There are 2 protein chains.
Amino acid sequence: MPKPAADSAALGLGVDRTSPVPLYHQLALQLEAAIEQGRLAPGSLLGNELELAGRLGLSRPTVRQAIQSLVDKGLMVRRRGVGTQVVHSRIRRPLELSSLYDDLETAGRSPATRVLRNTVEPATPEVAAALGVEEGSDVHLVERVRYADDEPVALLRNHLPPRLLDLGTERLESTGLYRMMRASGITLHSARQSVGARAATAQEGELLAEPAGAPLLTMERTTFDDGGRAVEFGSHVYRASRYAFEFQLLVRP
Amino acid sequence: MPKPAADSAALGLGVDRTSPVPLYHQLALQLEAAIEQGRLAPGSLLGNELELAGRLGLSRPTVRQAIQSLVDKGLMVRRRGVGTQVVHSRIRRPLELSSLYDDLETAGRSPATRVLRNTVEPATPEVAAALGVEEGSDVHLVERVRYADDEPVALLRNHLPPRLLDLGTERLESTGLYRMMRASGITLHSARQSVGARAATAQEGELLAEPAGAPLLTMERTTFDDGGRAVEFGSHVYRASRYAFEFQLLVRP
DNA sequence: GTCAACTATATGTCCTGACAAAGAGCAGGG
DNA sequence: CCCTGCTCTTTGTCAGGACATATAGTTGAC
């Protein structure tokens, strides 16, 4: 079966050496755009690395680094002795650590927030274990209802270590927690999540405009910064009728 | 605040050039083991790449490649001008495309399967769109109940394109679908998932030993091979009282 | 004493060059 | 006709060097 024919002619590829953007990244962006716009057809071969490097005036390692980043994103597949080709399937975004606020905003759904509580409380054993602080020591507690297009979507309950962040209620109402963290110079690194389901309590139902007993999607998450400190522990419930987690994931070789 | 002091003395690091395992991978495995066993303490610096390369008799690119793979796994963090240090938090496995069967088995929970249906049916519009086949054309349909420790955990409903796999009912009862695919030479590449929740129907409740209306965790997944062909479309429901998705995820820089 | 500028250090980027190994296709032998 | 072995192509691995740049600590001026 003949492969869908090689491509790789004039694709508008070319790098700008005066730019501060790394060459491999420039190339990666251009290739990604070419795939996105269909100029690099799914299944088409990219042409061998050495020749591509020669045409662009780059070295092979630089070209390889660009291609590798796309392979890591799942956009391309390399096969020794064959070449590198564009993956057929439409890859959307792989799963990343995202905030509900940003997700809703990029989906064009006008997020809004109502703060129910914004206090300091002693840490329960569970919270203390998650955040790595002393049991009974002070931790911030923030409870919010998140709306999308004026409809309640989720009930967000977050615990944060003390003195990490200035948690103004007004700012909490106008933006997302992760955005506030990043703005404070906190570098998010990783998170441990658990997603489940349970029935709504009467109080939850009232806040989310669902009957008591309605199925809810639950998410518990502990987020760490790049120093390994826990910066947030969240226990969230989502209206199953209005929300689902969607994500793409890759097989790691 | 002084950093937890540099380490990097004799860590038992050393590569075997006669081994077929790539040098960078040997080094990566050794470093990972050292972190795992605590010989490389969280927060400790690794010592600069050039010196490390010199001590091991390797070139810097090779050492960098090894370190980079650990950075990608979330185990280490690089800081220009500072060095590379081990992340404090214990990283478990990042989210990967996994099968319930394997997950249960690695958790030591003795998975078992009962096949309810194993037939060929015409594709509904939804299934046809997911698998990329003609509407109404033949597709395999497999319906199973998955047990863990003799307790029902999930109801699995899979659609597969025709002639992809030999779907013997006996084999389906004794292993997982993904394992069968891999054994058939199919290279899994990526999957698109959607996780939600809903109430159990009467029939689902009966099969899963839950009352009707009980909250269930739902997962829809389309899996693609490295050629971009859809190889499976699954619509699964899990008992929320017995199962939750747990995973770790990294911030992509 | 405080702040700015300088310097040392480590990673980030990029180059050239070389050989190894896997896969596909072709040719030859059974 | 099928299978085996060869060869060619292409990616995989590795070396060694050079310069750029961000960060931290130190030094110097005010």
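Keep in mind that what you see is a predicted model, and the values were worked out from it rather than measured. Quick note: numbers below take in every heavy atom, side chains included, and nothing from hydrogens, waters or symmetry partners. Lettering follows sequence order; numbering is per chain, from 1.
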Novice: Please state how far atom CZ in R17(A) lies from atom C1' in dA20(D), giving the value in whole angstrom units.
Specialist: 14 Å
Novice: Between P on dG23(C) and CD on Q85(A), what's the gap in Å once rounded to a whole number?
Specialist: 14 Å
Novice: Which distance, rounded to the nearest 0.5 Å, do you find between the CG of L177(B) and the CG of L100(B)?
Specialist: 11.5 Å
Novice: Pick base, sugar-phosphate or nothing for G54(B), based on heavy-atom distances below 4.0 Å to the nucleic acid.
Specialist: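 Nothing, no nucleic acid heavy atom in range.
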Novice: I want to confirm an ordering. Mapping R78(A) and P61(A) to their closest nucleotides on DNA chain D, which one lands closer to the 5' end?
Specialist: R78(A)
Novice: Stepwise, does the salt bridge (charged side-chain N to carboxylate O under 4.0 Å, His left out) test hold for E49(B) with R78(B)?
Specialist: CA-CA 11 Å; E49(B) 298 168 350; R78(B) 322 180 85 135; 2.4 Å; yes
Novice: May I have the distance from Q68(A) (atom CD) to dT13(C) (atom C1'), rounded to whole angstrom?
Specialist: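 Result: 17 Å.
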Novice: If I take atom CG in residue L70(B) and atom P in nucleotide dT11(C), what distance separates them, rounded to the nearest angstrom?
Specialist: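 So the two atoms are 14 Å apart, to the nearest Å.
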Novice: To the nearest Å, how far apart are L46(B) CG and dT11(C) P?
Specialist: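 Interatomic distance, CG of L46(B) to P of dT11(C): 8 Å.
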Novice: Could you check how far NE2 of H25(A) sits from P of dG12(C), rounded to whole Å?
Specialist: 15 Å
Novice: Tell me which nucleotide among dA15(D), dA18(C), dT13(C) gets nearest to the side chain of S59(B).
Specialist: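 That would be dA15(D).
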Novice: Think Y24(A) has a side-chain N or O under 4.0 angstrom from the OP1 or OP2 of dT13(C)?
Specialist: yes
Novice: Using a 4.0 Å heavy-atom cut-off across all strands, classify L50(A) as base, sugar-phosphate, or nothing.
Specialist: nothing
Novice: Measure from the side-chain heavy atoms of T84(B) and tell me the nearest of dT11(C), dA15(D), dC14(C).
Specialist: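 Closest nucleotide among those given: dT11(C).
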Novice: Which of the following nucleotides, dA15(D), dG12(C), dG12(D), is nearest to the side chain of E49(A)?
Specialist: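 Looking only at side-chain atoms, E49(A) lies closest to dG12(D).
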Novice: Of all the nucleotides listed (dC14(D), dA18(D), dT11(D)), which has the minimum atom distance to the side chain of L23(B)?
Specialist: dC14(D)
Novice: Is any side-chain N or O of R60(B) under 3.5 Å from a base N or O of dG12(C), one able to act as donor and the other as acceptor?
Specialist: yes
Novice: Counting distance only, does the side-chain N/O of S19(A) pair as donor-acceptor with the main-chain N or O of V21(A) below 3.5 Å?
Specialist: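 It does hold such a pair.
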Novice: So does R64(B) get a side-chain nitrogen or oxygen closer than 4.0 Å to the phosphate oxygens (OP1/OP2) of dG12(C)?
Specialist: yes
Novice: For V133(A), is there any backbone N or O sitting under 3.5 Å from a side-chain donor or acceptor partner on S137(A)?
Specialist: no
Novice: Have a look at P22(A) and say if it touches a base, only the backbone sugar-phosphate, or nothing, with a 4.0 Å heavy-atom cut-off.
Specialist: sugar-phosphate
Novice: Base, sugar-phosphate, or nothing: which does T62(B) touch, judged by heavy atoms less than 4.0 Å apart?
Specialist: sugar-phosphate
Novice: Just the rounded figure in Å: distance from P of dC8(D) to CG of N48(A).
Specialist: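 Between P of dC8(D) and CG of N48(A): 16 Å.
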Novice: To the nearest 0.5 Å, what is the distance between CD on Q248(A) and CZ on F224(B)?
Specialist: 7.0 Å
Novice: If I take atom CZ in residue R80(A) and atom C1' in nucleotide dA21(C), what distance separates them, rounded to the nearest angstrom?
Specialist: 5 Å
